[in-house]
Student: 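First, the structure itself, so that you have it in front of you.
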Protein chains: 4
Amino acid sequence: MAIRFGVLGAGRIGQVHAKAISSVDGAVLTAIADPIAAAALAAQTAFGGDIRTIDEIANSDDIDAVVICTPTDTHADLIDQFARAGKAVFCEKPIDLNVNRVRECLKTVEETGATLMVGFQRRFDPDFQALHAAIDAGKIGDVEMVTLTSRDPSAPPVSYIERSGGIFRDMTIHDFDVARWMLGEEIETVFAVGSNLVDPAIGKAGDFDSANVILTTATGKQCTITNSRRATYGYDQRIEVHGSKGSVSVENHRTSRIEIANADGYTRPPLLDFFMSRYLTAYAAEIAAFVTAVQTKTTPATTGHDGLMALVLAEAALQSTKTGRAVKVAEILG
Amino acid sequence: MAIRFGVLGAGRIGQVHAKAISSVDGAVLTAIADPIAAAALAAQTAFGGDIRTIDEIANSDDIDAVVICTPTDTHADLIDQFARAGKAVFCEKPIDLNVNRVRECLKTVEETGATLMVGFQRRFDPDFQALHAAIDAGKIGDVEMVTLTSRDPSAPPVSYIERSGGIFRDMTIHDFDVARWMLGEEIETVFAVGSNLVDPAIGKAGDFDSANVILTTATGKQCTITNSRRATYGYDQRIEVHGSKGSVSVENHRTSRIEIANADGYTRPPLLDFFMSRYLTAYAAEIAAFVTAVQTKTTPATTGHDGLMALVLAEAALQSTKTGRAVKVAEILG
Amino acid sequence: MAIRFGVLGAGRIGQVHAKAISSVDGAVLTAIADPIAAAALAAQTAFGGDIRTIDEIANSDDIDAVVICTPTDTHADLIDQFARAGKAVFCEKPIDLNVNRVRECLKTVEETGATLMVGFQRRFDPDFQALHAAIDAGKIGDVEMVTLTSRDPSAPPVSYIERSGGIFRDMTIHDFDVARWMLGEEIETVFAVGSNLVDPAIGKAGDFDSANVILTTATGKQCTITNSRRATYGYDQRIEVHGSKGSVSVENHRTSRIEIANADGYTRPPLLDFFMSRYLTAYAAEIAAFVTAVQTKTTPATTGHDGLMALVLAEAALQSTKTGRAVKVAEILG
Amino acid sequence: MAIRFGVLGAGRIGQVHAKAISSVDGAVLTAIADPIAAAALAAQTAFGGDIRTIDEIANSDDIDAVVICTPTDTHADLIDQFARAGKAVFCEKPIDLNVNRVRECLKTVEETGATLMVGFQRRFDPDFQALHAAIDAGKIGDVEMVTLTSRDPSAPPVSYIERSGGIFRDMTIHDFDVARWMLGEEIETVFAVGSNLVDPAIGKAGDFDSANVILTTATGKQCTITNSRRATYGYDQRIEVHGSKGSVSVENHRTSRIEIANADGYTRPPLLDFFMSRYLTAYAAEIAAFVTAVQTKTTPATTGHDGLMALVLAEAALQSTKTGRAVKVAEILG
């Protein structure tokens, strides 16, 4: 039976998910909520469904699941509300910027028995999945070192930065999740450095725009994460996993596959411009996975626990930049 | 207003087009016809629409356009029938295996004023379009030499070969069209060689499975086409255009973008397996272009004339293999 | 015992070989001859050895072998002279522009029992050797189709063209030799087209600057050769061999291995500028192979017969452009 | 005037330098010293020169310069001895494992006015130089982040590890030097993690075989270094520099440039096997640069100060792994 969706929030990421729902078998877009009427209407025009308020959606009998795409500070309350309303919940990362609030929220989810999936779309990217499948197939032996590179094409406006929770909770959080996925064991320590090299306004807002992180696990596996709010050549998304028998990596996506050769050399086009184009397929696959989890009453691939742990790593990274030392995950988890 | 489609023939390529119609804005799949009831039903189940006979579709008021995906020897008659019935016609290549029959058919199309588009989907591939756009933008100066490589992953069954019209009319015909598109002027001479290296049964059926062709134009531009019914590494589709200021080429599509490095070296996955996956996007873009042509009453990007000229080149190639000399296109056109 | 060399002709290619001799174990540069005193002196300054006349070198007891780098029309006479003088002879291609003169010359070589090696340096390129070794190792199964691309960075002066014997005898001759090497069997038919697209002066001189050739063998193997006197991106030298189990190809050599990524895309440097840099290693390996052949009294890797056959293919290509038909090698060999 | 060399130590790296001296214009190998007679003899046989003791070389009038390739714990004493003997000194890294001993040694060098060059051959690699030249040419704007990857093909024997000073002083020291070169400013803080994943015997010997380092500068530039004593696919040597206008990276060197395509995918050969092959050209260029510095009495490209600073960074990295915090370079320099 098709899962009937309500999409909460019709901004950029809300539209990405509405589009994904439209393209996935077994998913139907039933309702859209957004306090900005024009935004709701634009999404409705593009993808269909009714326009309702959030409370109306919570009380609707014809809604099986919601996708939470509202501002971060509303996520945890909405998860609570919809878990109690008996809806399956897909929530964009992060659940909350505060670790304790996330834990409370996960307790509510557990008590209600609701399905909760957290939006880490990179796990559903076909190339990253092929890379992970190669690891699972033993192609590189035991994982030893993971290298993640994520660079945004350009810095967001400071107004976005101010509400983002900072680079580690907003941007690196995706890499933290990928690191956990690729390492195949929990992270024990986090060391991070951050600088302000791209936009001085970001520094004034108290955030970094350039960061490097080293993660270690109990068995000595290591992971580095390189982040920048600048990549003139497009949205840079790379993974390299090194193991006892070999390495596996994944190539970036360009805007086309042509190459021009002339006196200046051989030139291939820049990368896809940002996450909406780069992860187009992943967003659809993510919703499809959520639909399957709801239909089969199984645990989603990216759970509330995954959401919590990525946030904990972000918190540890932030503390590391303040103290200049490697922070143990256990310190944050308490 | 949405264009209402009838799809004639629910085989492999019919399903490709039914799927494309489903995914294109402004296109609606209204009816499907296939003498094999199970095939029609399967297509209906997957993509919707009514099941009707071909004549019913021709007489339907709720059909604006048809996509002809029936066996080759029915193409010309169906074009005639539907052009006279006032429908816009999209026909898979070739229009017919016989040059004169194609000409008669095009005369009927002209008389009826029907829109006719011939299915050369490669012109709608985003990468090939990017390559052609680079030429148009002057990136390589004047085109001098074109190199086309098309290799099928494996040979089709002999039963297919026998009705195919031979490798030049069945397989190279796409390259002939691409050559005309890339050279930007008509071909004057055709030289071709063919061998039987892949499957002796193909040779017994009087066809080649390996071929090379050289085309020349009046101004001295040259094009080579390499074809094989074998490519163990997947569906090989390459274009390289060399001009006075530089060259432009296009990379193949792999099944994923990972690369594994170990003691055996660096290995990337094989190519996509065949045209349905490689040209998935192109088929949808092709139907979208047809829809636009019908809606705006403009000439489609690939006309009946394009269909004729590609067939003429195939005919010339075949004669060249028989005579061992370069055959002038004018000899075939008469 | 070291082989003592005389180098005949101290022009561009003479210097390449003098340098190669200097770098090869078991080779000593003993004498240089050039009618232009300044050229001989420059070579001597750079690489050592005495300056002598050609006749002096022929009569020298301290010369074991000569490298003939004089103008083409002197090659055959010099081979005759030095074979009779009991010297081992390494001769730059072609032996002569006339097939019958080559045959006479080879007869002299046979009668004298002299060692004769013809300069097809591409056979000694480490990458091309790795490619050929992969074929020998069965990596691609039976060879079916060979694709050769050779483009010079720019056209030579017309004065050079006029004495060159034309593009097939001067430039394609290397590809003809590589084709024979890669196909592993003799060529049966040759079809060629030529155009004048790069420099009108070349056309006025009666030569082509752009050419495509198709070769076939008795068992149906096929080879295409693409040549141009223009490649704005450097010296383009590619081989692709397609077999029953797979394909093997070889990448071009760039001026460095860096890649710059910015808003214009990803750019790698142009290719090495011409044969002296691209085949630097090959020239040394070629002389080393000659030294070994002389020392061990074994047949060199590239014989006078190879020189003859490459010339015959060039002659066939030229006749093909005049007649518009595939020319049988047997027609030329008589 | 040619610089007459004495090579101290005829082991693996001594032979590399003896070979480089043989191939460089303006350099002559005059004498070799090694306590193991067979090693000295082998080097003499391969590259020429007399066999002398170290003291004999120090007292020889026909020696202008020495290359110190003896065990690390002799480096500083030999630099002292030969600086006082009025010879120019090229010393393999590190000068000593102890920072204070290095400083004393540099004081002696300063007092004697001797030329001292420290062997960081990567600065002379043509590709790395092309990369650095691109930075200097402004191609990527201001440097922001540097990513260095160095993986050895396999772990050395524990006997080597025990005398090596540990991974940071033995292996990472090259990356520290490259980091300083690429960042263009001094490093301020060092954070490092190390694990024992490749060979337990290395762990028992108190060393790491897998390490990651983050460096920062006063202006907030960042650099990560990834090291492993394992790379099944060959000697992995990569640099990526990210700047305000773009990025520049350098490709690894493979054993050949062929690519084989078959049902398993597209496979290119493994990388060159180790530093002797990968940096063959760099070693010669390094000696050539030393020769020029000696001849022109100018400061070499890699000075004693560079040797000191790389060692200081190694010391800081080691302390960081013990304390779990970022160590300031100033703490080590005192």
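Proteins come first, then strands; the chains are lettered A, B, ... in the order of their sequence lines, and each starts at number 1.
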Student: Heavy-atom pairs under 4.5 Å with chain D: which of Pro126(C), Gly246(C), Pro269(C) has the most?
Tutor: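 That would be Gly246(C).
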Student: Atom CD of Glu259(D) and atom CD of Glu251(C): how far apart are they, to the nearest 0.5 Å?
Tutor: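 The CD atom of Glu251(C) is 8.0 Å from CD of Glu259(D), to the nearest 0.5 Å.
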Student: So for His253(D), is it side chain, backbone, both, or neither that comes closer than 4.5 Å to the heavy atoms of chain C?
Tutor: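 The answer is both parts of His253(D).
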Student: At a heavy-atom separation under 4.5 Å, does Asp264(C) approach chain D through its side chain, its backbone, both, or neither?
Tutor: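 Asp264(C) has no heavy atom closer than 4.5 Å to chain D.
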Student: Pick from Ser247(D), Ala130(D), Ser256(D), Gly243(D): which one has the most heavy-atom pairs with chain C under 4.5 Å?
Tutor: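 Going by pairs under 4.5 Å, I would pick Ser247(D).
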Student: Mind ranking Thr267(D), Ile260(D), Asn262(D) by heavy-atom pairs under 4.5 Å with chain C and telling me who comes out on top?
Tutor: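 That would be Ile260(D).
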Student: Would you say that more than 12 heavy atoms from the other residues, nucleotides or ligands in this model lie under 6.0 Å from the NZ of Lys139(C), or not?
Tutor: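 No - once you tally the heavy atoms of other residues, nucleotides and ligands closer than 6.0 Å, there are 12 at most.
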Student: Are there more than 12 heavy atoms of other residues, nucleotides or ligands under 6.0 Å from atom CG of Asp136(C)?
Tutor: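 Yes, the 6.0 Å shell around CG holds more than 12 heavy atoms from other groups.
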Student: Side chain from CB out, backbone as N, CA, C, O: work out which of these in Arg254(C) comes under 4.5 Å of a heavy atom of chain D, or both, or neither.
Tutor: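 For Arg254(C), the backbone is the part near chain D, not the side chain.
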Student: For Lys93(C), does the NZ atom have more than 12 heavy-atom neighbours from other residues, nucleotides or ligands under 6.0 Å away?
Tutor: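 More than 12 heavy atoms, drawn from other residues, nucleotides or ligands, come within 6.0 Å of this atom.
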Student: Which one of Val248(C), Ile258(C), Val250(C) has the most heavy-atom pairs closer than 4.5 Å to chain D?
Tutor: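 The answer is Ile258(C).
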Student: What is the distance from atom CG of Leu131(C) to atom CZ of Arg257(D), rounded to the nearest 0.5 Å?
Tutor: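 Those atoms lie 13.5 Å apart.
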